[in-house]
Colleague: 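Have a look at this one.
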Protein chains: 2
Amino acid sequence: MKPKITLKDIAKELDVSISTVSKALKNSKEISKDTKDRIKAFAKFYNYRPNNIALSLKNKRTKNIGVVIPDIVHHFFTTVFRGIEMYANQMGYNVIVCISDESYDKEVINMEMLANGSIDGFILSLSAETQRKNDFTHLKELLDQGIPIVLFDRVAPEVACDKVILNDMEIARESVEHLIEKGSKKIALITTDNYFNVSERRKDGYIQALKDNDIPFDKNLILTLPHDLDNTKLITEFFQKNEIEAVLCVNEIFAVQCMSVIQQIGLKIPEDISIIGFTDGILSRFSSPKLSTVAQHGEKMGGLAAEMLIKRMESTEVVEEPFRTEVIEATLIKRGSTIN
Amino acid sequence: MKPKITLKDIAKELDVSISTVSKALKNSKEISKDTKDRIKAFAKFYNYRPNNIALSLKNKRTKNIGVVIPDIVHHFFTTVFRGIEMYANQMGYNVIVCISDESYDKEVINMEMLANGSIDGFILSLSAETQRKNDFTHLKELLDQGIPIVLFDRVAPEVACDKVILNDMEIARESVEHLIEKGSKKIALITTDNYFNVSERRKDGYIQALKDNDIPFDKNLILTLPHDLDNTKLITEFFQKNEIEAVLCVNEIFAVQCMSVIQQIGLKIPEDISIIGFTDGILSRFSSPKLSTVAQHGEKMGGLAAEMLIKRMESTEVVEEPFRTEVIEATLIKRGSTIN
DNA sequence: TATCAACACGAAACCGTTTTCGTAAATTTT
DNA sequence: AAAATTTACGAAAACGGTTTCGTGTTGATA
C-alpha cells in the first residue's frame, strides 16, 4: 500500500519548502528550471495529485453540483440526470445525487446537508410533498445564502431562481388537437394528482384544445389515478362507463395500462380508440402498437439546467443577471396508437 | 444575502477563542454552562453549521461514496443505485455518481478524479470496454492506495476486492428448467456480446440445463444481438429459420421484442412459444401477456454493496478482513409469457 | 498558610493547498 | 566600487474546523 503523496512529502524529500514545490508544479517562473525539473520528475514518479478537499477549502468552491430528484427509477428523471451528468462532467464538475423520494423532509435534510460546503449549487425537481405543502423556505434560505439553484420540471413560482420547464400546456393542447384531427370528439384525460403543477398545466392544455374546437368539456371524462399502482380495475370501469374515442394520459404507464384494458375489452387501437401518452420511454417504444407519446427531451433539459447553473456559479459579475425560465419544446411523436 | 457563519465569526462576536466555541458546541465539559449557553444560543440564532469541507480535511474522510456505473438509463442499474443511495443516506453518506457510458477512458478518468480526496470508497460496475480490454490497473492502483472498492454485477476475478454478484448461471439454469417443465425442447437463447462475464454465466446456465435434461445443444438456437437497438429484423429471421418452442432472453428488451415478433407471425404466447427475460422492469410488468422474468433485486444488491463498502471504510481493524463475494439470489417470476 | 486539584479557557498545531511578502545572493547598472 | 535590480527561494497567513497541551484562577485539603 502506497498512500497518497502530498506537497509536504515532496518538500521534505527534496529538501525545499512547500511553497517552492507548489510553485514548481504550477510552472511558476519564480523557480529555477533546475529545481522545477527535479520537483516535477519526483512528483510524476510518485504520481502526485493535489488533494481536492484542500483545494475546495482554499478556493471556497467544490466543483460539485447537488442534484435532488424525487425518484431515480423513473425514465424522465433518469434522462434528465443523464443530461446533467454529461454536461457537468464535461465542465469538470461532479454530481452528488440525493433522492427525495417525494418526501419534503428528505428534500430539506439532504439539501441542508449538502449546502454546508459540499456543493456549489443545486439542480432540483420538487418532491410531491413539497408541492403539496407549498413550503419553500428551505430553498429560499439557500438562495439567501448565495447558493444558486436551478429548478426543473416541477417548479414553483414562489421561488426566485433559474428554471427549466416543459411547454406542458402547449404540447397537451397539441396532442389533443392531433386526436381531434383524427376525428375523435369524446376525448378522455387520465391524470394524477401527484405532480400538481405539471398535471395542472397539461389539463389546461387539454381543456384549451377542447374549447378551441367547440367540444364541450365533460368532467366525467377525466380520470384521476393514484401514481404507479396497478389501476386496471379503475381504468376498466372508466371505459365501461364512458364512450371514449381517444385518451390522453399524463405518463406512459397509464397509457399502456389503458391499451391493455382496451384490447382486453376487444377494441382496436387506433381504429376504435386512439391513445397518447407522456414520456418517450421504453414502454412507449416497445408496446404494440407503439405508443404515440410526448417526448420530454429529458437529456436536453438536464443539460440546459446544468449549463444555467454552472454559468451562474462561475459568474463573476457583481450585479447578478436576472433569473431566467427556459422552456423546452416537447415533441409529439406519432406512432401506431394514433395512426396506422 | 447572509453568508454562512464560521467558528471564527462566533468567537469574535462573543469575545472568546475559537477553541472555546468549538468545544462549547460539542458540549465539552471543559466549558462552563454559562459560556456554553451563550455560545449555543448565538450559534442557533445564526444557524451555524460546521463546514463539511473543513471537517473532511481534518478527519481525512469525506463521508462520500463514489458510484461508477456504465449507464443510468437502464432499469437494473437504476434500482441498484437506488439501493446504494438509500443505505448510504441512512448511514450519513452522500453519493457521487459518474457514468462511464461503457467507456474505459471515462471510467479511469472519473475514478482518478474522485480518488484525490473526494470520496472514501467506490462502488462500481465495469464498463463494457473495460471488460473487453481486461485492463484493471486503475482499480488495482486505487486499492493499492488503500481506497476500498466494491464491484457489483459486472465484476472481474483479477481485482481483489469485495464483490456482489447475481447467481446468474443458477437462475438461468432454473429458468430453462422451467421452460423444459412446460414441455419445451427447442429452447433458444437470445443474448448479447456486450457484457462478457454476465452473459457468459447465463449462457453456461442455459447449456447446463439442456445437458441435465438430455437435450442436445444446438448453437443455431443462440442469437447474439447488438445491444439495445431495434433488432426486429434479426429476430424475425431467427424465428423463421428455426422451429422454436421457448426462448430465454438476457434482458427484458429483447424479450418484448421477441414477443412482438412472435405475435406478428401469428403465434400465441405462451401456447406456441414461451418466453422468459431478465430484469423485472416496467416492460415486463406491463407487456401483454405479462413477461416471466428474472428479478435481479437491484435494490438489495445496491444496499448490500453499500453496506460492505461502508463496513470496510469504517473498519478500524489493523489486519483487514479477507475480501468477500456475496451472491444475490435472483428470483424467477412466473407470469403470462410462460404460464396461463 | 502552603499545596494541590479542579475548573475554564486560550494558544497553537494540524489537515493540504495557494499566495503574498520578505530577503539573501547574484547580477547588472552607474 | 557602490547602488540598484533581478533571481530563487522560504516564511507565514489563510481556508474552517478539531484537539492537545498549557495556564491562570478558584476552592479544597493538609
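The chains referred to below are lettered A, B, ... by the order of the sequence lines, with proteins before strands, and numbering in each begins at 1. Just the heavy atoms: all of them, side chains too, but no hydrogens, waters or symmetry mates, feed the values below.
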Colleague: What is the distance, to the nearest angstrom, from the CD1 atom on A:Ile31 to the C1' atom on D:dG10?
Modeller: 9 Å
Colleague: Could you tell me, to 10°, how much the axis swings from one end of the helix from C:dT1-D:dA30 to C:dT30-D:dA1 to the other, five pairs per end?
Modeller: 70°
Colleague: Assess the side chains of A:Asp120 and A:Asn64: does a donor N or O sit below 3.5 Å from an acceptor N or O?
Modeller: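 Side chains of A:Asp120 and A:Asn64: no pair found under 3.5 Å.
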Colleague: Write down the distance between NZ (B:Lys60) and P (C:dA13), rounded to a whole number of angstrom.
Modeller: 19 Å
Colleague: Dump the intermediate steps for ring pair (Phe, Tyr, Trp, His ring centres under 6.0 Å) on A:Phe81 and A:Phe77, then the final yes or no.
Modeller: CA-CA 6 Å; A:Phe81 178 74; A:Phe77 288 125; over 10 Å; no
Colleague: Rounded to whole Å, please give me the gap between CG in B:Leu14 and C1' in C:dA8.
Modeller: 16 Å
Colleague: Can a donor-acceptor pair be found, under 3.5 Å and without considering hydrogens, that links the side chain of B:Lys163 to the backbone of B:Ala156?
Modeller: yes
Colleague: Pairing donors with acceptors under 3.5 angstrom, does anything connect the side chains of B:Asp135 and B:Thr137?
Modeller: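 Yes, a side-chain donor-acceptor pair sits under 3.5 Å.
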Colleague: Does D:dT20 have OP1 or OP2 under 4.0 Å away from a side-chain N or O of B:Lys23?
Modeller: no
Colleague: Between atom NZ in B:Lys36 and atom P in C:dC9, what is the gap in whole Å?
Modeller: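 From B:Lys36 NZ to C:dC9 P: 10 Å.
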Colleague: In whole Å, I'd like the distance from the CD1 atom of A:Ile18 to the P atom of D:dA8.
Modeller: 22 Å
Colleague: So, does A:Ser22 get its side chain near the phosphate of C:dT17, meaning an N or O under 4.0 Å from OP1 or OP2?
Modeller: no
Colleague: Quick one: which of C:dC9, D:dA11, C:dT18 gets closest to the side chain of A:Ser17?
Modeller: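 Closest nucleotide to the A:Ser17 side chain: D:dA11.
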Colleague: Answer yes or no: are there more than 12 heavy-atom neighbours, outside A:Lys311 itself, under 6.0 Å from its atom NZ?
Modeller: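 Counting neighbours around NZ of A:Lys311, 12 or fewer heavy atoms of other residues, nucleotides or ligands fall under 6.0 Å, so no.
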Colleague: D:dT19 phosphate, OP1 or OP2: any side-chain N/O from B:Ser19 under 4.0 angstrom?
Modeller: no
Colleague: Any luck finding a side-chain donor-acceptor pair between B:Asn89 and A:Lys106 under 3.5 Å?
Modeller: no
Colleague: Considering every strand and a 4.0 Å limit on heavy-atom distances, what is the contact class for A:Thr6: base, sugar-phosphate, or nothing?
Modeller: sugar-phosphate
Colleague: Ignoring hydrogens, what is the shortest heavy-atom contact between B:Gly121 and B:Leu309? Give both atom names and the distance.
Modeller: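 That would be C-CD2, 3.8 Å.
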Colleague: Return the value, rounded to whole Å, for the distance between atom NZ of B:Lys12 and atom C1' of D:dA14.
Modeller: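 Answer to the nearest Å: 13 Å.
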Colleague: Using a 4.0 Å heavy-atom cut-off, does A:Arg61 contact any base of the nucleic acid, only the sugar-phosphate backbone, or nothing at all?
Modeller: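 Contact class for A:Arg61: none.
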Colleague: Quick one: label A:Lys58 by what it contacts on the DNA or RNA (base, sugar-phosphate, nothing), any heavy atom closer than 4.0 Å.
Modeller: base
Colleague: Quick one: A:Ile10 CD1 to C:dG16 P, roughly how many Å, whole number?
Modeller: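 It works out to 12 Å between those atoms.
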Colleague: Name the closest nucleotide to the A:Leu55 side chain, picking from C:dT17, D:dG17, C:dT20.
Modeller: C:dT17
Colleague: Base, sugar-phosphate alone, or nothing: which one does B:Thr35 contact when heavy atoms must sit under 4.0 Å apart?
Modeller: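 Sugar-phosphate only.
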Colleague: Specify the residue among A:Asn59 and B:Glu30 whose closest nucleotide of DNA chain C lies further upstream toward the 5′ end.
Modeller: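 Counting from the 5' end, the first nearest nucleotide belongs to B:Glu30.
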Colleague: Closer than 3.5 angstrom, by distance alone: can the side chain of A:Asp9 be matched with the main-chain N or O of A:Ile5 as a donor-acceptor pair?
Modeller: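 Checked: no pair found.
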Colleague: Do any side-chain nitrogens or oxygens of B:Lys8 fall under 4.0 Å of OP1 or OP2 in D:dC15?
Modeller: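 Looking at the OP1 and OP2 atoms of D:dC15, one of them is under 4.0 Å from a side-chain N or O of B:Lys8.
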Colleague: Taking atom P of C:dT17 as reference, at what distance in whole Å does atom CG of B:Leu57 sit?
Modeller: 9 Å
